[in-house]
Novice: 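Handing you this structure, nothing more for now.
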Amino acid sequence: MSIHVHSCPFVVNIGFVMSERRKPYPFDHIDPKWQAIWQERQLFHAPNPGEKHFDPAKPKFYVLDMFPYPSGAGLHVGHPEGYTATDIVARYKRMRGFNVLHPMGWDAFGLPAEQYAIKTAEHPATTTRANIAKFKTQLKRIGFSYDWQREINTTDPRYYKWTQWIFLQIYNSWFNPDTKKAEPISTYRGTDPDSVRLAYVADFPVNWCPELGTVLANEEVVDGKSEVGGFPVVRRPMRQWMLRITAYAERLLNELDGLDWPEGIKLLQRNWIGRSEGAEIDFSVAGGDDHGLTVSARDYKIRVFTTRPDTLYGATYMVLAPEHSLVDLIVSEEQWPAVREYRERAARKSDLERTELAKEKTGVFTGAYAINPVNNERIPIWVADYVLPGYGTGAIMGVPGHDERDLAFARKFNLQIHEVVQPLGDEDPIGFVGEGIAINSPVIEGLPSREAIRKITEWIEQHDLGKGAINYKLRDWLFSRQRYWGEPFPIIWENGKHRALDDEELPVVSPPLEEYKPTGTGEPPLARAREWVRYSDKALRETNTMPQWAGSCWYYLRFCDPQNDQRFVGEEAERYWMGGVNDEARMANDEGMTKPKPRKANEEIRHSKINSSFVIRHSSFPAKPGGVDLYVGGTEHAVLHLLYARFWHKVLFDLGYLSKPEPFQRLVNQGIILGEDNQKMSKSRGNIVNPDDVIDQYGADAFRCYEMFMGPLEQMKPWSMRGVEGVARFLARVWRLLMTENQAGDWELSARIKDIDPTGAETKITHATTKKVTEDIESLSFNTAISQMMIFVNVFIKAETLPLSAMRRFLILLNPFAPHLTSELWEKLNAKFRDNAGDITDQKWPDYDERLLVEDEVEIVIQVNGKVRHRMKMSIQATDEEAKAAALANPEIQKFTAGKTIRKIVVVPRKLVNIVV
RNA sequence: GCCGAUGUGGCGAAAUGGCAGACGCAACGGACUUAAAAUCCGUUGGGCCGUAAAAGGCCCGUGCCGGUUCGAGUCCGGCCAUCGGCACCA
């Protein structure tokens, strides 16, 4: 409460006034009353196919929130923004006759929860339980229509049993490059299945965060620091579990196309996947004259990846990443100490040092030479850390003439620079990286870059020197953590080899460790549980745990069938909710209703820039590949969660467990809510707004409506308590529109409400409001829907009589936004009029009649040279000629046209006449 | 550096290429009240002309500069600013 002293001084200063103060309407009675009724009647429970009360005639709609990570701080007003939006859609869709799946759960494993537990010196299981309880209480107060019977918790063994099971499906499959699908490992015909599994163990330099005592995925490292906590991250070779997400790079990229996601998010994913086309070229290592190379060194080949094979004649040196395995084999005796020292220094560097701070190029000569295969020139081989071990082949050909980085390197170390691309304009050819004409390049002389690339690639292939190749920036997913608070791996080790546990042995439950903090050495805390680790005399359990993202990779599937203990999700339930069987019905019911707003022209142009010449589309790929109909959450998950979940989904789809190749058809990102000071909400700034305080003062409906009235859902916007007050006033006006206070000070239904026909004007505003609210909910423009309802109330509050039908219709329209208030008023109407209207939640969403919205007389603007000079009323029937004549005859207009030649008259029917003189 | 989003009153915002600022907040004036709160009514982009006061009229105005168009907040080109993402990816 003390936080809000500045915004509401009188409440705090004179405490008793608040409790004494008359509420604008009795939300403190209404809110709990209806929440209890909803819970008791389980009104928002969605039965699965085959269950009692399931109605197969209805189409389905799956509307999902990104489930929260229950932190110790509880909710702030940013969380319920997306939740309110989806709740409005869910309530609306139910009234439109859909079976609506609208669930909520808890993503509770992972680093932040564990860090919080360590800080408060409590066990993460304890703090997690408490945090979830707090979140749930807070969410319930807002009156969301979740089906709480489907609540799930990623830390529940009944849930993570299936997370482990899915891991085993991944472990037990491989990616068949011919079918471009995951297949059971049993179909693999090679000698070493472990080398192709989609989950595998690798020993190589990883992101190690000493402070957190764990390794992190590339995606969890930001600017060389851990995303959680902001601690330094260094490279360190360790044995780790990896998931072969790179096998899916192409599909993850191409199959974005059919999704209704913001183009910006698709672009982020495309960039993250980072596809580039080019060629791989082999350079052979030259025998040294006095460099002490052994004869066999000549047999070594260095393979490089380049997107510009047309600059091959300009390659004047080569660079190997310090970690490249050939370095040891080719380095000369003389250069060995320098190279060794350089490699050690590079290994110690943090990511931050290696990238951001390393403006100046560094490197060291290996003493070895390679042969440029196209012209047989001897070129020196260097080691430098500007070449990354994880991308391409970890080696490059240095073309300083036409690459900025190579140019900087060559200048620093005095290496040769050749011009091989002639710019089309008058730019300096040295350092020119664009497309031009190949020069000094016999095989491709005179060709434009694109053709040159094609021709030289053919030439390389013909001479068996390499091949055209595609490379992705995306790396395999580092999947193990040296932490306690995560899913244990269902894996045991025997004679140095890993082996999957049987399905019957799941779940593998973590041992109840008292001492769960990271060891700091890189050995996982689970190793402390000696009894637990000893699986048998010969076998030990894997002691790493899964990363935070594991549970959220498939939770949307579990929501379809959360109680199932036979399968991770029942087949029929999955087919129904994820959209396999019900598509036709849905499309029919859905026609034109859930389409995203038409994109602006420039968005289309941007999209079309994406080079799709290489896109391979399976003809059977569905136009709407995703299962969840609407998914709302923050942009922060643009690449991490959304990419990982798509990957798991595709593996399960390939293995035949799922009916759709993509998890989320339509994605919307809600914008961040800032504090009243326009700054990001944070504890240190003291500008956090707690939903509980808002609801105490103004009620849940005002809270919900304000969240939506603030502005467009996707936009970043600041909180304003004054704004909440304004919306609360609107709801109070709705209350007083239908209710009046009697002599005794009690509220009773207004005598103005009568079961009479509305006037023409009243019908018009009612239908206009229906149209606007309907369309605005469909396009998620909740702010303008509320504006329209305010206009409606402003009109009727002045009326002497209130037609019952118009009031009922209005309450239905407002119901998704303010469910408590409207339920109460609806009940009061039922009590008085006894017209068997039924409960408000059972109502059908009203239709509107376009014909009723048409005016018979319209105001037409008269412009002279594009400037508004006058207005006139005209019948809607008036022809263009009549409008023209009327405009010209208008004395006010004649003032402007007198003595001038009329050059042109533009008429926009029913809108305006523009006279050009 | 590259990619993307955004830029409209004092504030949150609204506007199929056709009356810029709907709706709300704040502010001001009034009604009610012993008084305040609440509520209700009215005014409210800037400048100017007009009038006793009104009515009314004119000019400017959607980050900046240019273009297309009878007409641009909206479309096109070029800048500037803020925010977000990527960042030695060969």
Side-chain angles (χ1 to χ4, degrees), chain A residues 10 17 21-22 24 222-223 262-265 267-268 270-272 274-276 278 304-308 311 319 354-356 358-359 361 384-388 390-399 402-406 408-409 433 471-475 598 600-603 606 635-636 638-639 671-672 678 680 706 709-712 714-727 729-730 732-733 736 781 783-791 794 797-798 859-871 892 895 903-908 911-917:
Chain A
F10 72 94
V17 172
R21 202 178 84 178
R22 282 261 332 265
V222 178
D223 289 339
E263 279 306 313
I265 299 296
L267 199 62
L268 284 177
R270 288 190 181 110
N271 291 343
W272 191 266
R275 178 184 195 274
S276 9
V304 301
F305 173 75
T306 176
T307 53
R308 293 298 297 270
T311 62
V319 184
R354 191 159 167 171
T355 58
E356 197 142 353
K359 302 268 188 256
K361 295 268 180 293
D385 65 4
Y386 85 91
V387 173
L388 307 173
Y391 183 76
T393 59
I396 62 154
M397 60 180 199
V399 186
H402 305 289
D403 183 282
E404 270 177 58
R405 298 149 299 182
D406 295 348
F409 190 77
V433 297
N471 236 298
Y472 296 95
K473 241 162 75 176
L474 184 70
R475 317 284 168 85
K600 289 187 179 166
N602 55 347
E603 255 179 332
R606 240 181 285 120
T635 336
E636 65 272 20
V639 277
I672 296 169
N678 250 299
K680 220 170 183 171
Y706 177 67
F709 187 64
M710 291 173 80
E714 278 130 303
Q715 196 168 299
M716 186 190 288
K717 46 212 177 276
W719 188 265
S720 155
M721 277 300 176
R722 299 282 199 183
V724 183
E725 239 170 289
V727 172
R729 267 201 288 267
F730 158 65
R733 274 159 74 86
R736 290 195 316 269
S781 311
N783 53 332
T784 47
I786 294 171
S787 295
Q788 181 62 37
M789 290 188 280
M790 287 173 168
I791 292 169
N794 291 346
I797 206 131
K798 292 168 186 152
E859 194 178 64
I860 291 185
V861 169
I862 311 175
Q863 297 182 334
V864 179
N865 288 341
K867 284 186 178 159
V868 180
R869 295 301 182 185
H870 204 70
R871 286 142 236 249
E892 294 294 326
K895 277 196 262 178
R903 295 198 290 138
K904 189 173 179 181
I905 299 178
V906 181
V907 180
V908 180
K911 279 260 168 75
L912 63 77
V913 179
N914 188 13
I915 300 165
V916 187
V917 294

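Residue numbering restarts at 1 for every chain, and letters A, B, ... go by the order of the sequence lines. Only heavy atoms go into these numbers, but all of them, side chains included; no hydrogens, no water, no symmetry mates.
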Novice: Within the structure shown, what part of the strands sits under 4.0 Å from A/K911 by heavy-atom distance: base, sugar-phosphate, or nothing?
Specialist: base
Novice: Find out whether A/W719 and A/V724 are in side-chain contact, i.e. whether some heavy atom of one side chain is under 4.5 Å from a heavy atom of the other.
Specialist: yes
Novice: In whole Å, measure the gap between the P atoms of B/G10 and B/G21 for me.
Specialist: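 About 15 Å, rounded to a whole number of Å.
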Novice: Quick one: label A/G392 by what it contacts on the DNA or RNA (base, sugar-phosphate, nothing), any heavy atom closer than 4.0 Å.
Specialist: nothing
Novice: Considering only side-chain heavy atoms of A/K473, which listed nucleotide, B/C3, B/C86, B/A90, is closest?
Specialist: B/C86
Novice: For A/E404, does the CD atom sit with more than 12 other heavy atoms under 6.0 Å from it, leaving out its own atoms?
Specialist: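 No.
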Novice: Taking OP1 and OP2 of B/C23, is either one under 4.0 Å from a side-chain nitrogen or oxygen of A/N794?
Specialist: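 For A/N794, the contact criterion (side-chain N or O under 4.0 Å from OP1 or OP2 of B/C23) is not met.
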Novice: Looking at side-chain heavy atoms only, is the closest gap between A/T784 and A/Q788 below 4.5 Å?
Specialist: no
Novice: Would you say A/R869 reaches B/C58's phosphate, i.e. side-chain N/O to OP1/OP2 under 4.0 Å?
Specialist: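 Affirmative; the distance criterion is met.
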Novice: Less than 4.5 Å apart, any side-chain heavy atom of A/I905 and any of A/V916?
Specialist: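 They are not in contact (no side-chain heavy atoms under 4.5 Å apart), so the answer is no.
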Novice: Okay, side chain of A/Y706, backbone of A/G726: is any donor-acceptor separation there less than 3.5 Å?
Specialist: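 No, A/Y706 side chain to A/G726 backbone: no donor-acceptor pair under 3.5 Å.
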Novice: Can you tell me which nucleotide in B/A15, B/C59, B/G85 comes closest to the side chain of A/T784?
Specialist: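 So the side chain of A/T784 is nearest to B/A15.
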Novice: So do the side chains of A/I862 and A/R871 get within less than 4.5 Å of each other, counting heavy atoms only?
Specialist: no
Novice: Test side-chain contact (heavy atoms from CB on, under 4.5 Å) on A/F709 and A/F730 and set out the steps.
Specialist: CA-CA 11 Å; A/F709 187 64; A/F730 158 65; over 6 Å; no
Novice: Of the nucleotides B/C19, B/A22, B/A90, which one has an atom closest to the side chain of A/S787?
Specialist: B/A22
Novice: Go through the steps for A/R733 and A/I797 under the test side-chain contact (heavy atoms from CB on, under 4.5 Å), then give the verdict.
Specialist: CA-CA 8 Å; A/R733 274 159 74 86; A/I797 206 131; 4.0 Å; yes
Novice: Which part of the nucleic acid, if any, lies within reach of A/I396 when heavy atoms closer than 4.0 Å are counted: base, sugar-phosphate only, or nothing?
Specialist: base
Novice: Roughly, in whole Å, what's the span from CD in A/Q788 to P in B/A15?
Specialist: 12 Å
Novice: Check for me whether A/K361 meets the cation-pi criterion with A/Y386, that is, NZ or CZ under 6.0 Å from the six-membered ring centre and within 45 degrees of the ring axis.
Specialist: yes
Novice: Please report the distance separating the P of B/G71 from the corresponding atom of B/G57, rounded so that it comes out in whole Å.
Specialist: 24 Å
Novice: Between A/K911 and A/V861, does a side-chain contact (heavy atoms from CB on, under 4.5 Å) hold up when you go through it step by step?
Specialist: CA-CA 6 Å; A/K911 279 260 168 75; A/V861 169; over 6 Å; no
Novice: Starting at atom CD of A/E263, determine the distance to atom C1' of B/G85, rounded to an integer number of angstrom.
Specialist: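 These atoms are roughly 16 Å apart.
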Novice: Kindly give the atom pairs (protein nitrogen or oxygen, nucleotide nitrogen or oxygen) under 3.5 Å for nucleotides 66-73 of chain B.
Specialist:
| from | atom 1 | to | atom 2 | distance (Å) |
| --- | --- | --- | --- | --- |
| B/C70 | OP1 | A/K904 | NZ | 3.1 |
| B/C70 | O2' | A/N914 | ND2 | 3.4 |
| B/C70 | O2 | A/N914 | ND2 | 2.3 |

Novice: When you check the phosphate oxygens OP1 and OP2 of B/C11, does a side-chain N or O of A/N678 lie under 4.0 Å from one of them?
Specialist: no
Novice: From NE2 of A/H870 over to P of B/G56, roughly how many Å is that when rounded to an integer?
Specialist: 11 Å
Novice: Rounding to the closest angstrom, what is the interatomic distance between B/A15 and B/C2 at atom C1'?
Specialist: 34 Å
Novice: Between A/M790 and A/I786, does the side-chain contact (heavy atoms from CB on, under 4.5 Å) criterion hold? Intermediate values first, please.
Specialist: CA-CA 6 Å; A/M790 287 173 168; A/I786 294 171; 4.0 Å; yes
Novice: Taking salt bridge (charged side-chain N to carboxylate O under 4.0 Å, His left out) as the definition, give me every residue that meets it alongside A/D406, ordered by chain and number, with sequence neighbours left out.
Specialist: none
Novice: Please state how far atom CZ in A/F730 lies from atom P in B/G12, giving the value in whole angstrom units.
Specialist: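 About 22 Å, once rounded to whole Å.
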Novice: Between B/C75 and B/U62, how far apart are the two C1' atoms, rounded to whole Å?
Specialist: 16 Å
Novice: Do the side chain of A/N914 and the main chain of A/G866 share a donor and acceptor less than 3.5 angstrom apart?
Specialist: yes
Novice: Side chain of A/K867, backbone of A/N865: donor and acceptor closer than 3.5 Å?
Specialist: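 Judged by distance alone, no pair lies under 3.5 Å.
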Novice: Say we look at B/C86 and B/C79: how far apart would their C1' atoms be, to the nearest angstrom?
Specialist: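 About 24 Å, rounded to a whole number of Å.
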Novice: Would you mind telling me which of B/C19, B/C23, B/C86 lies closest to the side-chain atoms of A/W272?
Specialist: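 My answer, after comparing the listed nucleotides, is B/C86.
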Novice: Salt bridge (charged side-chain N to carboxylate O under 4.0 Å, His left out) with A/E892: which residues, sequence neighbours excluded?
Specialist: A/K895
Novice: Expressed in whole Å, how much space separates the C1' atoms belonging to B/C80 and B/C64?
Specialist: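 Between the two C1' atoms, the distance is 7 Å.
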Novice: Less than 4.0 angstrom between a side-chain N/O of A/S720 and OP1 or OP2 of B/C11, yes or no?
Specialist: no
Novice: Closest nucleotide of RNA chain B for A/M710 versus for A/R736: which of these residues is on the 5' side?
Specialist: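 Checking each residue's closest nucleotide, the 5'-ward one belongs to A/M710.
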Novice: Just compare B/A90, B/G12, B/G24 and give me whichever is closest to any side-chain atom of A/M790.
Specialist: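 Comparing B/A90, B/G12, B/G24 against the side chain of A/M790, the answer is B/G24.
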Novice: Are A/K473 and A/Y391 close enough that some pair of their side-chain heavy atoms sits under 4.5 Å apart?
Specialist: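 Yes; the side chains approach each other to less than 4.5 Å.
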Novice: Nearest-nucleotide wise, let me know which of A/E859 and A/T393 is further upstream toward the 5' end of RNA chain B.
Specialist: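 This one resolves to A/E859.
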Novice: Heavy atoms only, 4.0 Å cut-off, all strands: where does A/S276 land among base, sugar-phosphate and nothing?
Specialist: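 Sugar-phosphate only.
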Novice: Report the distance from atom CD1 of A/I672 to atom P of B/G85, rounded to the nearest whole Å.
Specialist: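 Result: 9 Å.
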Novice: Tell me what A/N783 touches on the nucleic acid: a base, only sugar-phosphate, or nothing, going by heavy atoms under 4.0 Å.
Specialist: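 The answer is sugar-phosphate, as A/N783 gets under 4.0 Å only of primed atoms, P, OP1 or OP2.
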Novice: Counting only N and O atoms by type, is there a donor-acceptor contact under 3.5 Å from the side chain of A/R308 to the main-chain atoms of A/V433?
Specialist: yes
Novice: Each nucleotide in nucleotides 41-49 of chain B should get exactly one letter: B, S or -. Can you fill that in based on protein heavy atoms under 4.0 Å?
Specialist: S--------
Novice: Could you measure between the two C1' atoms, the one in B/G1 and the one in B/A13, and give it in whole Å?
Specialist: 35 Å
Novice: Over how many whole Å does the gap from A/N471 atom CG to B/A90 atom P extend?
Specialist: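 Spelled out: CG on A/N471 to P on B/A90 is 8 Å.
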Novice: If you only use heavy atoms from C-beta on, which nucleotide in B/G24, B/C83, B/A90 is closest to the side chain of A/M716?
Specialist: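 Nearest to the side-chain atoms of A/M716, counting from C-beta on, is B/C83.
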Novice: Can you tell me whether the base of B/G9 sits syn or anti, using the 90° cut around 0 to define syn?
Specialist: syn
Novice: Is it the case that B/C88 (base atoms only) and A/K361 (side chain only) share a donor and an acceptor within less than 3.5 Å, ignoring hydrogens and angles?
Specialist: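 Flag set: donor-acceptor pair detected.
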Novice: Output the single nucleotide from B/C59, B/C23, B/C88 whose closest atom is nearest the side chain of A/K867.
Specialist: B/C59
Novice: Measuring only the P atom in each nucleotide, how far is B/A53 from B/U68? A whole number of Å is fine.
Specialist: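 Taking atom P in both B/A53 and B/U68, they lie 46 Å apart.
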Novice: Detail all sub-3.5 Å separations between protein N/O atoms and N/O atoms belonging to nucleotides 26-31 of chain B.
Specialist:
| from | atom 1 | to | atom 2 | distance (Å) |
| --- | --- | --- | --- | --- |
| B/A26 | OP2 | A/R729 | NH2 | 3.2 |

Novice: Starting at the 5' end of RNA chain B, what dot-bracket string do you get if Watson-Crick and G-U pairs under 3.5 Å are bracketed, crossing pairs use [ ], other-strand pairs use | and unpaired bases use dots?
Specialist: (((((((..(((.....[....))).(((((.......))))).(((((......)))))..(((((..]....))))))))))))....
Novice: Return no unless some side-chain N or O of A/Q715 is found under 4.0 Å from OP1 or OP2 of B/U6.
Specialist: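 So the side-chain polar atoms of A/Q715 never come under 4.0 Å of the phosphate oxygens OP1 or OP2 of B/U6.
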